[in-house]
Trainee: 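Let me begin by handing over the structure; questions about it come next.
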Amino acid sequence: MVPDVSTGSDTRGLIVYLFGPGRRDEHTDPHIVAAWDMAGAPDPGRDPAATYSQLAKRLDTHVDLRTRELGGKKPPQHVWHCPVRTAPGDRYLTDTDWAEVARRIVHAAGIAPEGDEKACRWIAVRHADDHIHIMAITVRADGRRPRTHRDGQRAQAECRKIEAEFGLRRLKSGDLTAPRTPTGAERAKAERQGQTVTARQRLREQAYAVAATVRNEADYFTVLQSLGIKVKTRLGPETGDVIGYSLAAPGDTNAAGEPVWYGGSKLAPDLSINRLRERLPDQEVADRPRYVADPSEPWRHTTTEVQTARTVLDSGDDAAAQGYLAAFGDALYNIASATTSPHRAELWAAAMAFNRARRSATRADHEAATALRKAAKELAYASSEPGGLAIALLFATVHLARAAAKWHEQRGHEQQAAAAKEAFRHLQAGYQRAAAPVLADLARRAPRAATARRFEQDVRAALPDHADRILADPAWAALTTTLAHAETAGHKPRRLLAEVGAQRELDSAEHPAEVLNWRITAQPNRRTQAARRRSTISGTSSMSATPHPPATSVATRPEERSRHR
């Protein structure tokens, strides 16, 4: 059951909407199911003699009390509106059921506490089987305003109790960090235009994607405008600095032909100007390292930082963990943007799903996750998708999404945990689609039996507690190929196995050989590193006009394919 509290100032307009035909003639039987006084509230839905104006006048009585005291000036935002909707598949609620729901919500929200004779006047209008609209005038009979602080949160909490008592679908509890739900009018407009999502939702996703890529606030607005999005900033009266902004989607106008604006914080709490500034330090693009000598470095660097994020989630530092989750949300957008493979759609879906998991009531330490955010931004400038290394990164994101779901569950963040699980499912589907042919190809190119036996001895020496499981894993043959490539790249297999095995525990790994395969894939090519150091010492910069040929991931070097047959 979902309540959606909002306020306004047009009493008559809302009443006309509630009892009118609706924007798409969907209001087939609008009628009052509950009110502050069922005997005294005229019902235009059931009484032809009761007009909209009569009902509006009756509801305005309390406003008039306050208006006379203020010399004719109406209080601001005095109309309280709360649609309440059951979930798809819920049982049918009678008018009597809905009347109880309405009375409990206005009590919980502070609009009309039970037994308060001077409480605000309100009505609950039913439009369809699955929802009602509660309307109230937020001026009490004594002229005071009701105490509605955190009314939306209190209405949500009451709905969780109603769901349990009425046998309805139990929805996840929120923490006031969810983005605003599109209104019925926004959804209807999207349907008329043949859009699958509303303008608000499109703007939100575009804003997240742009914020993930850019390096400072100015670039954020510039890139949005380059996409055709209208940007309107609000300046401080004294300093002239930007203190807020609004966005309008291309072609999204109101009845007067004017752009429909959405403030950043109205798109999502972490898209407000202040929250953006926390994770968009003013960096010059010139400071960006250029990976000419090794274009795969952004992928490797991001993989390392994603693996670090998993460690931070287990550290007990909730502020740092929340900072890493926010940075991971940005990273998912950049990974999806940099991916050209068929599984790209799953990555975009994962990025959008994780938006709800990237924020919670825990205040984020964004500085703690600076390295992950910087690494992921480099993917926007990556020139290629380096095969196995890209899959190693995807593999790391799968495990971080699962760890994020567990982290949120442990802290009672139900909505965030559900969002992280959805992102995990998309990432897992993308990984399986991308990894299966690569692992099969690695297994096909496994080294000769003598080399494989030597690697088996290395596994038993380096990881004795896990050796039997590793050797029995279907990915063992693929791992032998990766070990052979790593050895050619300058690594000692036994030492390398010990190093990557210690990065995180392997007890919970369902396929430990597969885990080790991608950890090794993310390791740098030591021969290339040594050559680069020698080049630097001799005065030859890797940024010169004649760059070194791109180094290849240790799992995808083609020149090694025949060497280990």
Trainee: May I ask you to test the Met1-Arg85 pair for a side-chain heavy-atom distance under 4.5 Å?
Mentor: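 Met1 vs Arg85: side chains apart.
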Trainee: Return yes when atom CZ of Arg147 has more than 12 non-hydrogen atoms of other residues, nucleotides or ligands closer than 6.0 Å, and no otherwise.
Mentor: no
Trainee: Would you sort out whether Lys421 and Glu409 count as a salt bridge (charged side-chain N to carboxylate O under 4.0 Å, His left out), showing the intermediate values?
Mentor: CA-CA 10 Å; Lys421 289 178 181 177; Glu409 282 182 337; 2.4 Å; yes
Trainee: Hey, are the side chains of Thr521 and Trp518 touching, using non-hydrogen atoms and a 4.5 Å cut-off?
Mentor: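 A side-chain contact under 4.5 Å exists here.
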Trainee: Without hydrogens or angle criteria, can the side chains of Arg202 and Gln206 be said to hold a donor-acceptor pair below 3.5 Å?
Mentor: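 On atom types as modelled, these side chains do not qualify, holding no pair under 3.5 Å.
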Trainee: Does either side chain, that of Ser360 or that of Gln322, offer a donor lying less than 3.5 Å from an acceptor on the other one?
Mentor: yes
Trainee: Answer yes if the ring centres of Tyr262 and Tyr245 are under 6.0 angstrom apart, and no otherwise.
Mentor: no
Trainee: With no hydrogens and no angle check, do the side chains of Trp407 and Tyr324 hold a donor and an acceptor under 3.5 Å apart?
Mentor: no
Trainee: Less than 4.5 Å apart, side chain to side chain, heavy atoms only: is that true for Ile15 and Met135?
Mentor: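 Ile15 reaches Met135 side chain to side chain.
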Trainee: For Thr11 and His78, test the side chains for any donor-to-acceptor distance below 3.5 angstrom and give the result as yes or no.
Mentor: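 Yes, side-chain donor-acceptor contact under 3.5 Å.
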Trainee: Let me confirm one number: the CG-CG distance from Leu203 to Leu247, rounded to the nearest 0.5 Å.
Mentor: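 Here the interatomic distance stands at 6.0 Å.
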Trainee: Taking the six-membered ring of Trp261 (Phe, Tyr or Trp), confirm whether the NZ or CZ of Lys230 is under 6.0 Å from its centre and within 45° of its axis.
Mentor: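 No cation-pi geometry.
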Trainee: Would you say the side-chain atoms of His107 and Asp116 include a donor-acceptor pair closer than 3.5 Å?
Mentor: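 Note: His107 and Asp116 side chains miss the donor-acceptor criterion.
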Trainee: Counting N and O atoms only, with roles assigned by atom type, does the side chain of Asp219 sit under 3.5 Å from a partner on the main chain of Val214, one being a donor and the other an acceptor?
Mentor: no
Trainee: Looking at Arg126 and Asp29, is any side-chain nitrogen of the basic one under 4.0 Å from a carboxylate oxygen of the acidic one?
Mentor: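 Not counted as a salt bridge, because no side-chain N and carboxylate O are separated by less than 4.0 Å.
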Trainee: Cut-off 3.5 Å, side chains only: do Thr198 and Gln195 have a donor facing an acceptor?
Mentor: no
Trainee: Are side-chain N/O atoms of Asp97 and Thr94 paired as donor and acceptor at under 3.5 Å?
Mentor: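 Distance-only check passes for Asp97 and Thr94.
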Trainee: Considering residues, nucleotides and ligands other than Arg145, do more than 12 of their heavy atoms fall under 6.0 Å from its CZ?
Mentor: yes
Trainee: Please work out whether the ring planes of His133 and His127 are parallel, tilted or perpendicular, with thresholds of 30° and 60°.
Mentor: tilted
Trainee: Determine whether the side chains of Tyr208 and Asp270 contain a donor N or O and an acceptor N or O closer than 3.5 Å.
Mentor: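 Note: Tyr208 and Asp270 side chains meet the donor-acceptor criterion.
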Trainee: Any donor-acceptor pair under 3.5 Å linking the side chain of Arg344 with the backbone of Ala336?
Mentor: yes
Trainee: If the test is salt bridge (charged side-chain N to carboxylate O under 4.0 Å, His left out), which one of Glu114, Glu163, Glu165 qualifies with Arg104?
Mentor: Glu165
Trainee: Please determine if Glu278 and Arg275 form a salt bridge, counting it only when a charged side-chain N lies under 4.0 Å from a carboxylate O.
Mentor: yes
Trainee: Are any side-chain N or O atoms of Thr302 and backbone N or O atoms of Trp299, one a donor and one an acceptor, separated by less than 3.5 Å?
Mentor: no
Trainee: What do you reckon, is CD of Glu367 surrounded by more than 12 foreign heavy atoms closer than 6.0 Å?
Mentor: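 Count not over threshold, so no.
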Trainee: Whether the side chain of Arg402 engages the backbone of Val398 through a donor-acceptor N/O pair (distance < 3.5 Å, no angle test) should be reported.
Mentor: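 No: the side chain of Arg402 does not pair with the backbone of Val398.
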Trainee: Determine whether a donor-acceptor pair (N or O, by modelled atom type, separation under 3.5 Å) exists between the side chain of Ser341 and the backbone of His343.
Mentor: no
Trainee: With a 3.5 Å cut-off and no angle check, do the side chains of Glu205 and Tyr333 form a donor-acceptor pair?
Mentor: yes
Trainee: Quick check against the 3.5 Å criterion: does Arg279 have a side-chain atom that pairs as donor or acceptor with the backbone of His366?
Mentor: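 It does not hold such a pair.
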Trainee: Are the side chain of Asn334 and the backbone of Ala331 linked by a donor-acceptor contact shorter than 3.5 Å?
Mentor: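 Such a contact is absent between Asn334 side chain and Ala331 backbone.
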Trainee: Within a strict 4.5 Å, meaning less than it, do heavy atoms of the Ile111 and Ile105 side chains meet?
Mentor: no
Trainee: Considering only heavy atoms from C-beta outward, does the side chain of Arg359 approach that of Leu325 to under 4.5 Å?
Mentor: no
